[in-house]
Amino acid sequence: MSVRIADVAVVGGGIVGAACADAFSADGLSVELIEAGIVGGGASAAGMGHLTVMDDSEAQFALTSFSLRLWKRLETALPAEVEYSRCGTLWVAADDEEMAEVERKRQFYTLRGVTAETLDARQVAEAEPNLRPGLAGGLLVPGDRVIYAPCAAAWLVKRAIAGGARVRTGVRAVSTDASMGAGMVTLSDGGRVSAKHIVDATGAASPDLVRPRKGHLAITDRYAGFVRHQVVELGYLKSAHGHDIESVAFNVQPRATGQVLIGSSRQYGIGDSRVDAHLLARMLRRAVEYMPRIATLSVVRAWTGFRAATPDSLPLIGPSPRNGQVLLATGHEGLGITTSLGTARLLADWVAGRKPPIPIEPYLPTRFPAEVHRG
Amino acid sequence: MVEILVNGKVVRVAPGTTVAAAVLIAGEERFRHSVRGEPRGPLCGMGICFECCVTIDGRPNLRSCQMPCRDGMEVVTAVFNEG
Amino acid sequence: MKDSLAFEIVVVGAGPAGLAAACTASERARSVAIVDDNPAPGGQIWRGEARTPWIERARSSPVQLLTETQVVASPGEPALLAARGDRPVEIRYEKLILATGARERFLPFPGWTRPNVLGAGGLQALVKGGMPIAGKRVIVAGSGPLLLAVAAYLRRQGAKIAMVAEQASRGAVLKFARTVARSPSKLMQTLGLMRDLAGVPYRTGCWPVEAAQGEVKFRRGGRTWSEPCDYLACGFGLVPNTELAALLGCTSQDGFVAVDSRQQTTQPGVYCAGEPTGIGGAGLAIVEGRIAGYSATGRPDEARRLFAERDRGNRFRIKLQEAFRLRPELAALARPETIVCRCEDVSFGRIAEHRGWQAIKMQTRCGMGPCQARICGPAVDFLLGIPADSVRPPIFPVPAGLLAEDL
Ligand SMILES: Cc1cc2nc3c(=O)[nH]c(=O)nc-3n(C[C@H](O)[C@H](O)[C@H](O)COP(=O)(O)OP(=O)(O)OC[C@H]3O[C@@H](n4cnc5c(N)ncnc54)[C@H](O)[C@@H]3O)c2cc1C
Ligand SMILES: Cc1cc2nc3c(=O)[nH]c(=O)nc-3n(C[C@H](O)[C@H](O)[C@H](O)COP(=O)(O)OP(=O)(O)OC[C@H]3O[C@@H](n4cnc5c(N)ncnc54)[C@H](O)[C@@H]3O)c2cc1C
Ligand code: FES
């Protein structure tokens, strides 16, 4: 088998790899994208596609808000099947303690130029009539968006191809070597790709420092208008971003189809992709607690996906401490659909030697000592 | 006999009659609208195709071919239920 | 709290295979249950008929009949989750026999989504449910012996059968008829039907190419013409219901559940009988059901005594398959704009852009609707040779509240 030569070999065609292929190709570099399955499969075919600005840390805010700005620039270009929706996010507060959190969050966002509006109990009920009565209030973030990631990834890849990128699907990268200033990727079909830079965008399959964190989702038949915003409980902050072994949170989304996408769960240490009936039940009970009428909606399918989690909940973007030829683009946990575009931009700037619009340092894999990477 | 309402019209049927049959007896062949707005009606008759879905007592997306008529049921067809 | 039931043997499906399996198992087992989503036992063939020997036997046996109960998931342990209306029931088992039967295969052609086009078995089931058919002009089309049974039934109910159109060639059908006539009981059955169908044109090598309001265009021997009708009842053979087996991790082969000589699947303690293992009619289904019933209750010798009968059934199955093999012309009927996925309105042209089921599904939404590819999956497989191979719970849509309950 011959060796193909490219400036950049991107391994993994999920939303992150697709965004990277697009960004490098837009810079005029020759790109070879290698995907073991299909473009836009993997976690990207399992995730909710909520494009959201998050405030767990300054670094997380910087990457999510920057990425959301990049998504908004594509707004008019995205084809209909990407199901781009301007539904915004409604964070709901169950009690006074969570209302205090609403206020903190509102200030955080407002100070940084993100529109956020506090809703009282009545306004929350008006905004989402199917929420249970008696909630304390909520925070409306109207600028958040929702997309359908598999088609977004396919569209990014199509654009990369138009820019000259080559794409191979159904072929796995089995090893990467770096020697004499070039990287070499060996493929499962015996082929090889020699590239100056190798981007590891393999998501939860990445060998570097990520732990798979399993999630469940369920989708209903069509009930147009049942939910209007992505509605998330504020307790989400406590449960989902905690590091418990197993947690569920109320998180529902209106799909452009009229379907209701119901999330979500988080589990560590599970490699089995089967739906866990007990955890699914717990997740649905949580949803029914917040929106009692969800109990009557017909669920057509439940599935699972694996997020790539890191010890500090921030992604790994930049050279691998183990192999400088390899640029990591992984560890996006539950935000990779949002942060794919920002990730790709940071890496393209790094390779081009340009000053990035936001500092890359908080995401550099070298923030963890090399021993940690080796596990 | 069992009496049900199909799109506001009273239909009297023998016990054991399915809602799908009652809808047809009412002279209605458009059970639901497809995503693109085409009229659809029952196909499989055995609960797998979901083409016979109607709204029964306010609950949308129910398979009429699998549902026996019960006195006082209110059936509404072709509710445009897409987003 | 959901209800919880436990049995030594649980049979899913109360058609011929399931009834035979349950009755056989009940001779020995401490407790046997049959679970079926219909209001009465009988499956597709004996639907609504009170008096057939196996139904009578089941009714007078200790077998517990759980009707209007649909299995939707397998919560892990040797247990099934079923829906009874909006209520969940957990059904535990020591041994499980899957007898989930088959459904019709529908093929897309221009106009097949119109309300006046129904399944052949589909129209029969609807009429059994009270749909008025007397005086209606009906054409029955597609493939297989089911077409004749449906036409005869509809005629007894007062329908005017304008034509039965069989896509298989005259030669293939005649050869098959000679096979059938070799066994006396089958000959009787066929003659019975023939009397019912006296005067009805049975056209072989003939198939629908386009349906419109009030008429359907047919093709036969290079000629195309329109036939007026109120309904086109159309089915192209049967597709096995293998979703539950797939959910339980049983291996499939060429689209059918793989079983050993004792009807055991690749999952120990899980047996399968009837159409999911091969489309061979009620006779074969009954033998397989009995073998599964004997095997599941530790009676291999009794099971073995039925192997020869099963072999005969399998020979019949192969002849059936050969005679009614679908002709390739049928794959050319769908135009680029013809809908293939009816739940999501996905056209053939969009589907044909992709290779592989996952790409088709993720990129076009084909198979993502409430039928979860039960209708479009076999159609895509026939048109493009790509089987739909992704099963996730719930295998039938159920209210979220039902899945939310836990023990
Ligand atoms: C339940 C759930 C809900 C989520 N909700 C959201 C949300 O609302 N918003 C949001 O922003 N994010 C969300 N996420 C997170 C998001 O889905 C992921 O962060 C994102 O999809 C990661 O994209 P990726 O491209 O890195 O990985 P993936 O999409 O997993 O892609 C990796 C690809 O690499 C390929 N690959 C792996 N190994 C090899 C190899 N050796 N050779 C070739 N190819 C290989 C795989 O086949 C795969 O296609 C959610 C995740 C889950 C699980
Ligand atoms: C925003 C969004 C909306 C969606 N909307 C819908 C929708 O409306 N309808 C819909 O049907 N899907 C929908 N999907 C889900 C999609 O079809 C897949 O179910 C999802 O991508 C997750 O994939 P999966 O794990 O089911 O993978 P699959 O595509 O099913 O592939 C995973 C593999 O796992 C195997 N597998 C499947 N089930 C099991 C099991 N129980 N045990 C063991 N192995 C199994 C399969 O054989 C397959 O090889 C949506 C996805 C997204 C991201
Ligand atoms: S006709 Fe197919 S589900 Fe009712």
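Order of the sequence lines fixes the chain letters, A, B, ..., with proteins taken first and strands second; residue numbering starts at 1 for each chain. Nothing here was measured: the structure is a model prediction, and the numbers come from that model. Computed from heavy atoms alone, side chains included, the values below leave out hydrogens, waters and symmetry copies.
- Panel note: side chain A/Arg285, backbone C/Ala404; a donor-acceptor pair is recorded below 3.5 Å.
- Interface residue A/Leu297: only backbone heavy atoms are found under 4.5 Å from chain C.
- Smallest separation of non-hydrogen atoms from A/Ser298 and C/Pro397: OG-CB, 3.3 Å.
- With rounding to the nearest 0.5 Å, the separation of CD1 in A/Ile38 from NE2 in C/His354 is 9.0 Å.
- Scanning all heavy atoms of the two residues, the minimum distance from A/Tyr148 to C/Met362 falls at OH-O, 2.6 Å.
- Annotation: A/Arg132, atom CZ; neighbour count of heavy atoms from other residues, nucleotides and ligands within 6.0 Å is above 12.
- Residues forming a side chain to side chain contact (heavy atoms under 4.5 Å, CB included) with C/Asp381 (at least two apart in sequence, or on another chain): C/Pro387.
- Between the side chain of C/Glu405 and the main chain of A/Ala281, no donor-acceptor pair closer than 3.5 Å is present.
- Per-residue heavy-atom pair counts under 4.5 Å with chain A were compared for C/Ala73, C/Pro394, C/Gly401, C/Ala359, and the maximum is reached by C/Pro394.
- Shortest non-hydrogen contact noted between C/Gln363 and A/Cys151 is OE1-SG, 3.5 Å.
- Note: A/Arg255 CZ to C/Arg365 CZ = 7.5 Å, rounded to the nearest 0.5 Å.
- Minimum heavy-atom separation, C/Pro393 to A/Val275: CG-CB, 3.6 Å.
- With a 6.0 Å radius and a threshold of 12 heavy atoms from other residues, nucleotides or ligands, C/Glu337 has its CD atom above the threshold.
- Interatomic distance, A/Gln259 CD to C/Met368 CE, rounded to the nearest 0.5 Å: 8.5 Å.
- Put simply, the side chain of C/Arg392 reaches to within 4.5 Å of the side chain of A/Thr304, judged on heavy atoms.
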